[in-house]
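Read the structure below first, then the notes.
In what follows, every chain begins at residue 1, and chains take the letters A, B, ... in the order their sequences are listed.
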2 protein chains.
Amino acid sequence: MRKQEVRTIISRRDRPAKEPLSRDSIASAALDILLREGLSKLSLRRVAAKLDTGAASLYVYVENISELYGLILDQALVSVELPEEKSSPWRDRIKTLLLSYFDVLVRGPGLAQLALSTFSPGYNALRICECLLGLLKEGGVDDKRQDWGGDMLLLYITASAAEESKWREAGESTNRLRDALRSLSEDEFPLVSALSMATRYGERHKRAALALDAMIDGILASPIRTELTEVNDHTNA
Amino acid sequence: MRKQEVRTIISRRDRPAKEPLSRDSIASAALDILLREGLSKLSLRRVAAKLDTGAASLYVYVENISELYGLILDQALVSVELPEEKSSPWRDRIKTLLLSYFDVLVRGPGLAQLALSTFSPGYNALRICECLLGLLKEGGVDDKRQDWGGDMLLLYITASAAEESKWREAGESTNRLRDALRSLSEDEFPLVSALSMATRYGERHKRAALALDAMIDGILASPIRTELTEVNDHTNA
DNA sequence: ACCTGAACACCGTTCAAGT
DNA sequence: ACCTGAACACCGTTCAAGT
């Protein structure tokens with residue numbers, strides 16, 4: 001009897017040797033698997049095994065696997081660095097921010113895929129988004145253009161990271177594709193085949209830098225159209 | 001005996017009632033399933049069942065499921081319309097082309113996902129790419145900018161289609177996300193929350209049109225830099 | 001409230017065996 | 001050469017049963 005009482009007390013304080021499950025510990029374990037072995041090796045069962053339980057146990061903390069995907073992504077986005085205020089011209093800070101985001105996505109095989117398929121944004125995604133909008137605002141971009149402009153920049157860089165990830169994950173078979181492109185086209189696709197010669201592994205970063213500049217120029221140059229639905233607004237006339 | 005001989009002859013001509021498997025028939029059956037039931041319901045086993053065989057039979061025509069994904073995507077891209085030559089200013093034709101591509105991707109749940117994850121481009125992807133490059137060329141865009149510019153336009157519109165697909169597939173839960181955004185942010189994410197008010201289902205098309213214009217402007221405005229690696233090239237000096 | 005094992009209804013892929 | 005059934009090694013998710 002006494003023994004049991006003592007055990008109970010001890011268990012309260014010492015149990016966290018095997019720390020209890022939590023959304024955070026699950027997300028970390030999952031991200032760890034993804035980083036090490038890739039998205040294809042990630043499963044609820046593997047995550048559970050890593051945490052010394054059965055898959056069913058995770059359902060207390062997570063509704064389904066796609067919610068887990070969301071947690072993983074946001075866990076990964078923690079390491080995107082927001083540029084310090086006024087550290088450089090706003091334009092450069094946008095590029096720094098987005099290229100840091102690009103690097104984080106590309107470091108984890110499948111992360112860019114997740115970013116493109118996850119529906120509800122997590123805390124860190126919002127942080128990045130807010131920062132980007134702030135920088136556009138600082139550059140004198142009005143609300144409307146912040147909306148589609150920020151969206152454009154983020155979508156482009158995410159897709160760009162997905163593209164880069166494909167090349168990295170393809171590994172060996174990369175050369176087969178290059179050969180295929182070189183041989184097939186020429187006659188029917190002169191422009192494509194002229195280009196594909198230049199495409200190289202890792203060149204994405206350079207392309208992205210050029211593209212981001214062009215997009216920002218485009219946002220700034222875009223004409224301010226008075227919305228048709230606001231024809232009664234006299235303040236802009 | 002005679003009966004068997006007759007049977008053999010008949011079988012040569014009449015057998016195609018159940019037409020033999022082929023890459024094309026497999027791709028069509030697969031696209032059909034995707035269009036009707038979504039990417040998540042698509043599997044080698046389902047495709048095989050639809051074709052009255054076992055999954056193992058498909059491996060004669062297809063190396064693995066990701067090759068099948070590639071076939072599906074290209075099958076879907078058949079219906080992207082290339083704008084007729086000189087039918088309108090090159091700028092408008094680019095927008096027509098890319099918005100048609102957008103529509104096709106968005107019509108099949110999961111197609112945009114496939115476009116973003118498929119590694120080697122199929123015939124129809126090349127067709128679209130070639131057309132886009134031709135239009136940029138027509139607009140006076142030089143080779144270098146065709147490269148990253150075309151890439152930029154294509155990646156953006158594909159990611160945009162993926163984003164739109166998510167909203168359509170989310171269906172009901174769409175409102176939950178909007179509520180979540182509205183309540184959570186405000187203090188910590190003033191800019192994001194100000195924006196999310198405006199985001200509506202189906203508004204992507206309008207956003208895409210604005211974004212494409214901005215990108216094209218950006219491409220045209222981008223300074224022609226002499227490549228550092230070509231400092232010996234005197235023809236540009 | 002949390003955890004568990006077993007079960008259900010699926011997967012992609014391989015392989016020996018048939019024609 | 002093509003097709004097949006059965007098997008292998010996995011999945012996500014549910015549920016009754018335990019604490």
Rounded distance in Å - [atom1] ([X]) to [atom2] ([N]):
X	N	atom1	atom2	answer
A/L39	D/dC10	CG	C1'	16 Å
A/I65	D/dC10	CD1	P	16 Å
B/L51	D/dC2	CG	P	16 Å
A/E67	D/dT13	CD	P	11 Å
A/Y61	D/dT13	OH	P	18 Å
B/D52	D/dC2	CG	P	19 Å
B/I26	C/dG12	CD1	C1'	15 Å
A/L44	D/dC10	CG	C1'	13 Å

Which nucleotide sits closest to the side chain of [X]: [options]?
X	options	value
B/S57	D/dC3, C/dT13, C/dC2	D/dC3
B/L21	C/dC2, D/dG12, D/dC3	D/dC3
A/R46	D/dT13, C/dG12, D/dC11	D/dC11
A/Y59	D/dT14, D/dC3, C/dT13	D/dT14

For this session: State whether a side-chain donor-acceptor pair under 3.5 Å links A/S25 with A/S28.
Result: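 Side chains of A/S25 and A/S28: no pair found under 3.5 Å.
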For this session: Consider only side-chain N and O atoms of A/S66 and A/N64, and report whether a donor and an acceptor are under 3.5 Å apart.
Result: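 Per modelled atom types, A/S66 and A/N64 side chains form a pair under 3.5 Å.
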Exercise. Taking the same atom, C1', in C/dC10 and in D/dA9, what whole-Å distance lies between them?
Worked result: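 One C1' to the other, the span is 13 Å.
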Exercise. What is the base-pairing partner of D/dG12, counting Watson-Crick and G-U wobble geometry with both distances under 3.5 Å?
Worked result: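 Base-paired to C/dC8.
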Exercise. Applying a 3.5 Å limit to both distances, which nucleotide forms a Watson-Crick or G-U wobble pair with C/dA17?
Worked result: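 No nucleotide pairs with C/dA17.
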Problem set entry | Validation row: B/Q113, A/S117 side chains within 4.5 angstrom (heavy atoms) |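 In contact.
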For this session: Answer yes if the ring centres of B/Y123 and A/F189 are under 6.0 angstrom apart, and no otherwise.
Result: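 Ring centroids of B/Y123 and A/F189 are less than 6.0 Å from each other.
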Exercise. Does the ring center of B/Y69 lie less than 6.0 Å from the ring center of B/F119?
Worked result: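 No.
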Exercise. Closer to the 5' end of DNA chain C via nearest nucleotide, is it B/R45 or A/A56?
Worked result: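 Nearest-nucleotide comparison on DNA chain C picks A/A56.
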